[in-house]
Student: 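Structure below; questions to follow.
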Amino acid sequence: MSREHAYTTMLEAMAKMQWNVAQILEAKALEAEKNRNWVLNHLNQQAFATHLEQLNEPMEIHEQVIEVLEGLAKLQYSLARNMNVLLVEPSRNDYSGSADDSEDGEGYSS
């Protein structure tokens, strides 16, 4: 398999992953809307014995949403790093050769 074909295959796989992430986000948005409606209709002052309980229940819901968003953000960051490796050409100023090479450390030919 050629290098270009391998890169194309990797980019196609990443595009499919992005589509799956979009589907997850869409499902989470629908779930969040259902949760919001339930909370608005069922979690009122009469549902809690104390004010502290009234604060803790929504905080637990928010923590779950934040965990999902953090996980998706980490996934997106790793996908972006992988795409950066594939799409960005290495800089000519990067010096990773041996001392016998004809370029000095600043990228100029001697």
Side-chain angles (χ1 to χ4, degrees):
M1 179 184 308
S2 70
R3 174 171 248 160
E4 291 81 17
H5 187 263
Y7 283 166
T8 302
T9 303
M10 290 170 69
L11 288 172
E12 287 173 356
M14 281 190 244
K16 288 177 185 178
M17 288 176 66
Q18 290 285 359
W19 186 83
N20 288 332
V21 168
Q23 295 297 313
I24 290 169
L25 288 173
E26 185 177 339
K28 285 295 178 184
L30 290 172
E31 182 182 346
E33 183 67 22
K34 289 178 185 178
N35 286 340
R36 183 188 72 86
N37 290 334
W38 184 86
V39 167
L40 289 175
N41 291 325
H42 292 91
L43 294 183
N44 53 31
Q45 191 172 6
Q46 291 81 21
F48 301 101
T50 67
H51 183 67
L52 184 61
E53 288 178 14
Q54 188 176 3
L55 290 175
N56 285 339
E57 187 69 28
M59 290 299 291
E60 288 177 17
I61 293 169
H62 288 288
E63 286 175 4
Q64 292 172 357
V65 171
I66 289 171
E67 286 176 11
V68 169
L69 292 175
E70 284 177 344
L72 289 171
K74 288 177 183 177
L75 174 67
Q76 289 297 95
Y77 180 72
S78 64
L79 287 173
R81 280 194 336 220
N82 289 337
M83 288 191 69
N84 190 31
V85 167
L86 289 175
L87 298 177
V88 176
E89 293 185 24
S91 172
R92 286 184 46 110
N93 292 336
D94 289 345
Y95 186 73
S96 58
S98 66
D100 296 334
D101 288 341
S102 62
E103 290 188 0
D104 61 11
E106 295 176 352
Y108 299 109
S109 296
S110 7

Student: Extract all donor-acceptor atom pairs below 3.5 Å that involve side chains of residues 3-22 and protein atoms in other chains or at least two apart in sequence.
Tutor:
| residue | atom | partner | partner atom | Å |
| --- | --- | --- | --- | --- |
| R3 | NE | Y7 | OH | 3.3 |
| T8 | OG1 | E4 | O | 2.8 |
| T9 | OG1 | H5 | O | 2.8 |
| Q18 | OE1 | Q76 | NE2 | 3.0 |
| N20 | ND2 | K16 | O | 3.4 |

Student: Can you tell me how far apart CG (L52) and CG (N56) are? Round to the nearest 0.5 Å.
Tutor: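 Answer for the CG-CG pair, L52 versus N56, is 4.5 Å.
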Student: Under the side-chain hydrogen bond (donor to acceptor under 3.5 Å, both in side chains) rule, collect the residues that match up with E33, sequence neighbours excluded.
Tutor: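 Testing E33 for side-chain hydrogen bond (donor to acceptor under 3.5 Å, both in side chains), a comparison that skips the adjacent residues, returns R36.
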Student: To the nearest 0.5 angstrom, please state how far the CG atom of L25 sits from the CG atom of L69.
Tutor: 7.5 Å
Student: Nearest 0.5 angstrom please: N35 CG to K28 NZ, how far?
Tutor: 8.5 Å
